[in-house]
Undergrad: 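Before I ask anything, let me first share the structure, which is written out below as structure tokens.
Per chain, numbering begins at 1; letters A, B, ... match sequence-line order.
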Protein chains: 2
Amino acid sequence: MLVATEPALVDACSDLVMYASRLTRAIRRRHEMSAGLRVLALLDQHGPLGITQLAHLDRCSQPTMSAAVGGLVERGWLAKEPHPTDRRGSVVALTDEGSAELRRARRANGEAIAARVRERTDHTTDEVLTAVAVLRDLLETDDDEGTP
Amino acid sequence: MLVATEPALVDACSDLVMYASRLTRAIRRRHEMSAGLRVLALLDQHGPLGITQLAHLDRCSQPTMSAAVGGLVERGWLAKEPHPTDRRGSVVALTDEGSAELRRARRANGEAIAARVRERTDHTTDEVLTAVAVLRDLLETDDDEGTP
DNA sequence: CCAGGTTACATAGTGTTCCTATGCAGTCGT
DNA sequence: ACGACTGCATAGGAACACTATGTAACCTGG
């Protein structure tokens, strides 16, 4: 397992992290990308889940997710019900309003960024799709396998 | 200017933002990606700068950058000197320790992510480079031109 | 040359997001 | 049925970022 990972890949990954971080900051400032939006997206993608499962998927702590869900429930974007068979647990699901809010935010962000891509860069849709695929697959698997 | 941007691009950009946000969070948790690191990287890239210039490049407010620079100076990673000709201004520069810290963090992040890419995805170095290019060019230009 | 506007930065106060530590009720295995 | 584990809540605190505001220095027009 001592195959040296190519330096070019290491550098690229380092840059990837840096630019992803900057993009996230820029989006938070000029558009919108709250912690809540990530939760809505997770529930949209995976269906109803418990708090701990959500925390795991978003890679945050369980108390953080509890607080996030609490806020979203207050705004009417999530519904939290007791788990039918396990009385400790909860089941959190998107409400119609939450679903609508997610669509709205996605559209707003998507259109703003897409406009930038078209007007200020030479990148094609395929290249953006490649970027999305790289990021997605990087996050796809579970985080800790072998680091117990 | 009413050319409809293709829906596929809008969707891709929306996903791009979401995944970039998740990656940033994951990195912050398991590896490292503090606000300070972004500042170090900016100074490494652009050379010595004033506080306001740094804030503009990082797309944060000037007070936020003041605080960030203050912390980094305390840790010995930045040197802040009065501007030679404009006595209001400062010139912030990387110290040798700051430079070393940046290299260390970059390596740590790069190697960790690169290992993930190799072991858990099918993506090539070229694809990662494409992703980096998309993100970089998206952030390259100034933010507000036409939104005064 | 000097008032008024602008610029560079600092300070104060606040909100969001995230963490660790801890407690407690419910579940499960032996 | 007793101990270990799990799912969640609460408490306390740190990092990060904002707006509003103050102050000193620079610049410009009369």
Side-chain angles (χ1 to χ4, degrees), chain A residues 21-42 48-75 77-92 105 143 148, chain B residues 21-42 48-75 77-93 105 143-144 148:
Chain A
S21 169
R22 288 201 193 143
L23 179 64
T24 300
R25 284 243 0 189
I27 296 286
R28 257 151 95 123
R29 190 173 170 73
R30 305 194 68 79
H31 307 288
E32 45 188 330
M33 190 61 235
S34 54
L37 221 51
R38 286 199 311 270
V39 178
L40 298 185
L42 283 173
L49 293 169
I51 300 273
T52 300
Q53 288 173 293
L54 273 173
H56 204 78
L57 287 173
D58 198 38
R59 290 169 173 79
C60 70
S61 68
Q62 167 264 309
T64 295
M65 186 53 72
S66 282
V69 166
L72 294 170
V73 167
E74 264 186 18
R75 289 198 239 185
W77 291 342
L78 295 186
K80 183 165 127 188
E81 290 174 11
H83 192 286
T85 69
D86 184 341
R87 271 183 300 171
R88 298 167 301 179
S90 304
V91 176
V92 180
D143 224 359
Chain B
S21 169
R22 287 199 193 145
L23 179 64
T24 300
R25 282 234 3 157
I27 296 288
R28 261 171 64 148
R29 191 172 169 72
R30 303 195 68 80
H31 309 287
E32 44 190 326
M33 190 61 237
S34 53
L37 222 50
R38 287 198 312 270
V39 178
L40 298 185
L42 282 173
L49 293 169
I51 300 274
T52 302
Q53 289 172 295
L54 272 174
H56 206 253
L57 285 173
D58 198 40
R59 290 169 171 79
C60 71
S61 68
Q62 168 263 310
T64 295
M65 185 53 72
S66 283
V69 167
L72 294 170
V73 168
E74 264 186 18
R75 288 198 241 187
W77 291 342
L78 295 186
K80 184 164 126 188
E81 289 173 14
H83 191 285
T85 70
D86 185 341
R87 270 183 300 170
R88 298 167 300 179
S90 304
V91 176
V92 181
D143 224 358
D144 26 31

Undergrad: Determine the minimum heavy-atom distance between B/V73 and B/K80, stating which atoms define it.
TA: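 Heavy atoms only, the tightest pair is CG2-CB, 4.0 Å.
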Undergrad: Between B/S66 and B/I51, what is the shortest heavy-atom contact and its length?
TA: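 Between these two residues, the closest heavy atoms are OG-CG2, 3.6 Å.
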Undergrad: Could you work out, with salt bridge (Lys or Arg N to Asp or Glu O under 4.0 Å) as the rule, every residue matching A/R88, not counting sequence neighbours?
TA: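 Counting only residues at least two positions away or on another chain, A/R88 forms a salt bridge (Lys or Arg N to Asp or Glu O under 4.0 Å) with A/D86.
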Undergrad: Can you name the side-chain hydrogen bond (donor to acceptor under 3.5 Å, both in side chains) partners of A/Q53, sequence neighbours left out?
TA: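 If we apply the side-chain hydrogen bond (donor to acceptor under 3.5 Å, both in side chains) test to A/Q53, skipping adjacent residues, there are no hits.
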Undergrad: What residues, two or more places apart in sequence or in another chain, satisfy salt bridge (Lys or Arg N to Asp or Glu O under 4.0 Å) together with B/R22?
TA: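 So B/R22 forms no salt bridge (Lys or Arg N to Asp or Glu O under 4.0 Å) with any residue.
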Undergrad: What's A/T64 touching, base or sugar-phosphate or nothing? Going by heavy atoms closer than 4.0 Å.
TA: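 Counting heavy atoms under 4.0 Å across all strands, the contact made by A/T64 includes a base.
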Undergrad: D/dA17, OP1 or OP2 - any side-chain N/O from B/S61 closer than 4.0 Å?
TA: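 It does not, given that no N or O in the side chain of B/S61 lies less than 4.0 Å from OP1 or OP2 of D/dA17.
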Undergrad: Among D/dA9, C/dA10, D/dC16, which is the nearest nucleotide to the side chain of B/K80?
TA: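 When the side chain of B/K80 is considered, C/dA10 is the closest of D/dA9, C/dA10, D/dC16.
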Undergrad: Is any side-chain N or O of B/S66 closer than 4.0 Å to OP1 or OP2 of C/dC9?
TA: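 For B/S66, the contact criterion (side-chain N or O under 4.0 Å from OP1 or OP2 of C/dC9) is not met.
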Undergrad: Separation of A/I51 atom CD1 from C/dA25 atom P, in whole Å?
TA: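 Interatomic distance, CD1 of A/I51 to P of C/dA25: 19 Å.
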Undergrad: For B/T52, check side-chain hydrogen bond (donor to acceptor under 3.5 Å, both in side chains) against everything at least two apart and list the hits.
TA: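 Not a single residue meets the side-chain hydrogen bond (donor to acceptor under 3.5 Å, both in side chains) criterion with B/T52.
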Undergrad: Once you round it to whole Å, what is the distance between P of D/dA15 and CE of B/M33?
TA: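 Going from CE in B/M33 over to P in D/dA15 covers 16 Å.
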Undergrad: Closer to the 5' end of DNA chain D via nearest nucleotide, is it A/R25 or A/V91?
TA: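 Counting from the 5' end, the first nearest nucleotide belongs to A/V91.
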Undergrad: Evaluate side chain to side chain contact (heavy atoms under 4.5 Å, CB included) for B/M33 paired with B/R38, printing each intermediate quantity in order.
TA: CA-CA 8 Å; B/M33 190 61 237; B/R38 287 198 312 270; 3.5 Å; yes
Undergrad: In sequence, state the C-alpha distance, the side-chain angles, and the governing distance for B/V39 and B/L78, and then conclude on side chain to side chain contact (heavy atoms under 4.5 Å, CB included).
TA: CA-CA 10 Å; B/V39 178; B/L78 295 186; 4.2 Å; yes
Undergrad: Between A/R28 and A/Q62, name the one whose nearest nucleotide on DNA chain C is closer to the 5' end.
TA: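 Closer to the 5' end of DNA chain C: A/R28.
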Undergrad: Report the distance from atom CD1 of A/I27 to atom C1' of C/dT16, rounded to the nearest whole Å.
TA: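 Between C1' of C/dT16 and CD1 of A/I27: 18 Å.
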Undergrad: Whole angstrom is fine here: how far is it from CZ in B/R22 over to P in C/dC18?
TA: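 Those two atoms, CZ and P, are 13 Å apart.
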Undergrad: Please report the shortest heavy-atom distance between A/D58 and B/R25, naming the atom on each side.
TA: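 Answer, listing the atom of A/D58 first, then B/R25: O-NH2, 3.5 Å.
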Undergrad: Considering only D/dA17, C/dC9, D/dG7, which nucleotide approaches the side chain of B/R38 most closely?
TA: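 Selected nucleotide: D/dA17.
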Undergrad: B/R29 has an atom CZ; how far is it from atom P of D/dA15, in whole Å?
TA: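 Atom-to-atom, B/R29 to D/dA15, this comes out as 17 Å.
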Undergrad: Return the residues of residues 81-90 of chain A meeting this criterion: a heavy atom under 4.0 Å from some atom of DNA chain C. Order them by number, or give none.
TA: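 Within this stretch, A/T85, A/D86, A/R87, A/R88 sit under 4.0 Å of the strand.
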Undergrad: A/Q53 has an atom CD; how far is it from atom C1' of D/dT6, in whole Å?
TA: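 That distance rounds to 12 Å.
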Undergrad: Using nucleotides 11-13 of chain D, report all nitrogen or oxygen pairs with the protein that are shorter than 3.5 Å.
TA:
none

Undergrad: Which whole-number value in Å describes the distance from B/E32 CD to D/dA15 C1'?
TA: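 Value for this atom pair: 15 Å.
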